[in-house]
Amino acid sequence: MTLDVARIRKDFPILERKVHGVPLVYLDNAATSQKPRQVIDALVYYYENYNANIHRAVHTLGEEATAAYEAAREKVRAFINAPSAESVIFTRNTTEAINLVAYSWGRANISEGDEILLTQMEHHSNLIPWQQLAKEKGATVRYVPVTPQGTLELNGLENLFDARTKMMALPHVSNSLGTINPVEKIAGEARRRGVMLLIDGAQGAPHLPVDVQAIGADFYAFSSHKMLGPTGVGVLYGRRELLEEMEPFLGGGEMIRKVTFEGATWNDLPWKFEAGTPNIADVIAFGAAIDYLSDLGMDNVRQHEAEITAYALDRMASIPDIILYGSPDAAQRGGVVSFNFPDLHPHDIGTVLDTHGVAIRSGHHCTQPLMRCLGISGTARASFYVYNTPQEVDALVDAVKAAVAFFQK
Ligand SMILES: Cc1ncc(COP(=O)(O)O)c(C=O)c1O
């Protein structure tokens with residue numbers, strides 16, 4: 001194994017827990033990851049030692065909190081190789097980051113007759129904001145089809161955009177199928193054609209080395225809670241020139257420079273987009289999560305997940321009647337394995353697995369249109385992270401076999 005998983009597991013208190021009297025096997029990482037002690041400690045340390053509001057205080061606690069909050073921003077900047085910390089905006093989650101772009105950039109730049117290009121594998125968070133925008137503006141939404149292998153049907157890219165395409169948004173990695181999309185190639189073509197590109201990195205940043213400059217996207221959005229950090233924090237990276245031009249998404253405190261009864265001027269980036277008191281404690285603890293992942297090395301994280309996923313695909317393929325979704329090539333997918341059995345509801349599989357201590361997700365995974373394309377209502381989905389072991393994959397396979405046997409009785 002690439003990572004020292006035995007050592008990593010000691011950092012995660014929750015992994016010692018039992019469920020229904022058996023050890024927890026946590027395989028629902030695409031929904032949210034578990035948190036290491038370093039992150040939990042950073043949160044507690046903040047509240048016990050320097051809890052204060054940021055940016056406005058001249059007292060010691062306020063200065064310490066401000067320094068730690070801005071230090072977390074710098075950690076995120078380095079983690080995704082953004083050219084400057086001004087282009088790293090803290091939001092509540094990926095969903096809010098995407099909405100920020102759809103409202104602020106979208107309302108100013110999308111007009112009647114324009115086309116917004118998405119894919120059939122969109123998470124609802126990267127679908128609804130664009131549908132709302134299109135409806136409001138009289139624009140259209142087109143979807144890049146998904147092949148039976150679970151990859152995007154890009155047809156050599158030249159025909160991807162048409163003259164009306166103004167904006168494209170797509171996932172770096174599909175949360176339902178695990179497909180890793182060729183975002184660098186798409187970004188190159190988008191730049192050539194003058195199309196704005198947003199990447200939904202909710203399943204990218206936690207699992208792959210991400211260099212936003214090398215990818216060349218205009219916007220990249222992701223969530224702390226899927227990458228060992230707390231809930232309630234997301235990131236929007238945006239190209240600085242674009243962010244400079246954009247109007248604020250939310251108005252209130254912190255995002256202003258000067259306010260009169262007649263109007264207001266806006267603060268500098270990134271604070272222009274961070275109205276109100278931000279989630280100070282969780283941003284700081286997210287910084288600890290970034291440190292943790294950086295210490296492991298994102299190349300190693302990716303390698304570990306590729307190994308676990310290849311092992312899982314291999315073992316699961318031998319279960320009679322199983323239907324596996326997504327690319328059979330583990331090199332093409334992140335740590336996600338979606339599966340079904342004929343005449344078995346994914347919720348029933350998930351419920352039986354829980355009695356074996358195995359936590360997976362079942363349902364449409366917030367990708368209802370994709371499920372419709374696949375002709376199903378949902379899947380059972382196991383998703384892996386840095387602390388998962390081959391033995392846990394074995395436990396999954398045993399529990400799945402037990403579930404099938406239970407319902408075939
Ligand atoms: C691909 C993808 N996009 C967006 C989201 C939304 O993330 P959040 O709920 O943190 O906003 C998720 C969460 O599952 C996701 O997997």
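Start at 1 and go down the list; that is how both ligands and their atoms are numbered. On a predicted model such as this, the values are computed, not experimentally measured, just so you know. Sequential numbering from 1 along the given sequence is applied to the chain's residues.
Within the 4.5 Å cutoff, the side chain of Asp218 has no heavy atoms near those of the Leu198 side chain. Residues Ile376 and Asn340 form a side-chain contact, since some pair of their non-hydrogen atoms from C-beta on lies under 4.5 Å apart.
Here the heavy atom of the protein found nearest to atom 16 (O) of ligand 1 is Gln203 NE2, 2.7 Å. Of the protein's non-hydrogen atoms, the one nearest atom 15 (C) of ligand 1 is His123 CD2, 3.3 Å.
Using a 4.0 Å cutoff on heavy atoms, Asp200 counts as a contact of ligand 1. The closest approach between a heavy atom of His124 and any atom of ligand 1 is not below 4.0 Å. Heavy-atom separations between Lys226 and ligand 1 include at least one value shorter than 4.0 Å.
Contact annotation: for Thr95 versus ligand 1, heavy atoms closer than 4.0 Å belong to both the backbone and the side chain. Within the 4.0 Å heavy-atom criterion, the part of His225 lying near ligand 1 is the side chain and not the backbone.
Aromatic pair Tyr385/His207: ring centres closer than 6.0 Å.
Applying the ring-ring contact (aromatic ring centres under 6.0 Å, His included) rule to pairs touching residues 103-125 yields Tyr103-Phe249, His124-His364, sequence neighbours excluded.
Atom CZ of Arg142 has more than 12 heavy atoms from other residues, nucleotides or ligands within 6.0 Å. A 6.0 Å sphere centred on CZ of Phe407 holds more than 12 heavy atoms belonging to other residues, nucleotides or ligands.
Here the side chain of Lys35 pairs no donor or acceptor atom with the backbone of Met227 at under 3.5 angstrom.
Residue-ligand proximity, Ser223 to ligand 1, at heavy-atom distances under 4.0 Å covers atoms 7 (O), 8 (P), 10 (O), 11 (O). Residue-ligand proximity, Ala202 to ligand 1, at heavy-atom distances under 4.0 Å covers atoms 2 (C), 3 (N), 4 (C), 5 (C), 12 (C), 15 (C).
Checking only distances, Ser125 never comes within under 3.5 Å of ligand 1, N or O to N or O.
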